[in-house]
K.L.:
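Take this structure first; my questions come after.
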Amino acid sequence: NSSHLLFVCFLIGGTLASVEDVAESNFLAEHADLYTSKTSGFWIGMYRNVNGQLLWQDNSALDFVNWGEGQPSEDHLDCVELSALSGYWSILPCSSQKGFICKKPKIYMFLFALYLFTDAKKDKEDGYMNMWILLILVIIILLGMGFIIYFLFKIKTQSETERESRKKSALLEYSRVSTGRDDKKKSANSKEKHQQSIV
């Protein structure tokens, strides 16, 4: 069931795969070939809209196709399979048991920030808002990093201070014990001297 596959891909943050060029098609076919013992093909993310237009589920441009001979049939489009043996595409009923290929978009914080900044030039009023959002994001990230560094430094200095105080405490305890011994010796010697002077 294609809705189940879409849901599984959605859970990992993607959609059924779109194939954008020959290099990607070759990559998928090469890796699909490794699984021919388990399945003969894999579902990819192409569908036909209500106007009969072929589209990718992730809305990427349909600039490349790799149909097998006699494909696609014009009357209907159920689901599109990438053959594990040949790498060509064919149309099959969605109820067929196949593997599937999910594709996750590449989203980077830097690109998002760049988009906000470049989009800002298009519409000045919204642009200022986008620049404020970008500035706030940068400030939040810097504050977070500052807190992390502060707490790591605090933990480090606190542990060093504790070590120093333990050393001082140990030295003080040792000096008390050693002076206590000396005091006992002195008091024993003075008692002996006192007893000798009495005799």
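Note that the coordinates shown come from a computational prediction; the quantities given were computed from them, not determined experimentally. Side chains included, hydrogens not; waters and symmetry mates left out as well; all remaining heavy atoms used.
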K.L.:
Do other residues, nucleotides or ligands put more than 12 heavy atoms under 6.0 Å from the CZ atom of F10?
P.N.:
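Counting neighbours around CZ of F10, 12 or fewer heavy atoms of other residues, nucleotides or ligands fall under 6.0 Å, so no.
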K.L.:
Could you measure the distance from the CG atom of N66 to the CD atom of E24? Nearest 0.5 Å is fine.
P.N.:
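Spacing of CG (N66) from CD (E24) equals 11.5 Å.
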K.L.:
To the nearest 0.5 Å, how far apart are CH2 in W89 and CH2 in W43?
P.N.:
14.5 Å
K.L.:
Do D21 and D63 have side-chain heavy atoms sitting under 4.5 Å apart?
P.N.:
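With C-beta onward as the side chain, the pair stays apart.
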K.L.:
A side-chain contact here means heavy atoms from C-beta on lying under 4.5 Å apart; do M46 and L62 qualify?
P.N.:
yes
K.L.:
Say whether Y88 and L92 are linked into one hydrophobic cluster, either directly or through other cluster members, by side-chain heavy-atom distances under 4.5 angstrom.
P.N.:
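Shared cluster, no.
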K.L.:
Working to the nearest 0.5 angstrom, can you tell me the gap between S18 OG and I44 CD1?
P.N.:
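Output value for this atom pair is 9.0 Å.
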K.L.:
For a 4.5 angstrom cut-off between non-hydrogen side-chain atoms, does F100 reach C102?
P.N.:
yes
K.L.:
Atom OG of S96 and atom CD1 of I91: how far apart are they, to the nearest 0.5 Å?
P.N.:
12.0 Å
K.L.:
Kindly say whether Q53 contributes a backbone atom to a donor-acceptor pair with the side chain of N51 at under 3.5 angstrom?
P.N.:
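Looks like no, no N/O pair under 3.5 Å.
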K.L.:
With rounding to the nearest 0.5 Å, note down the distance linking CD in Q97 to OG1 in T39.
P.N.:
9.0 Å
K.L.:
For the hydrophobic clusters of this structure (ILVMFWY residues joined by side-chain heavy atoms under 4.5 Å, transitively), does one cluster hold both L34 and F27?
P.N.:
yes
K.L.:
Under the side-chain hydrogen bond (donor to acceptor under 3.5 Å, both in side chains) rule, what do E81 and S90 come out as? Steps first, then yes or no, please.
P.N.:
CA-CA 5 Å; E81 171 213 29; S90 57; 2.9 Å; yes
K.L.:
Which atoms form the tightest heavy-atom contact between A29 and G87, and what is the distance?
P.N.:
CB-CA, 3.7 Å
K.L.:
Report yes if the side chains of V22 and N26 come closer than 4.5 Å at any heavy-atom pair, otherwise no.
P.N.:
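Yes - at least one pair of side-chain heavy atoms lies under 4.5 Å apart.
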K.L.:
What are the two closest heavy atoms between G45 and L16, and how far apart are they?
P.N.:
CA-CB, 3.4 Å
K.L.:
Do V19 and W56 have side chains that get closer than 4.5 Å, going by heavy atoms?
P.N.:
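SC-SC contact between V19 and W56 confirmed.
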K.L.:
Give, for atom OG of S25 and atom CG of L82, the distance between the pair rounded to the nearest 0.5 Å.
P.N.:
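The OG atom of S25 sits 6.5 Å away from the CG atom of L82.
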K.L.:
Taking side chain as C-beta onward, heavy atoms only, is E20 less than 4.5 Å from K103?
P.N.:
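When only atoms from C-beta onward are counted, K103 and E20 do touch, with a gap below 4.5 Å.
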K.L.:
Can S40 and L85 be said to form a side-chain contact (heavy atoms from CB on, under 4.5 Å), step by step?
P.N.:
CA-CA 7 Å; S40 61; L85 296 170; 5.8 Å; no
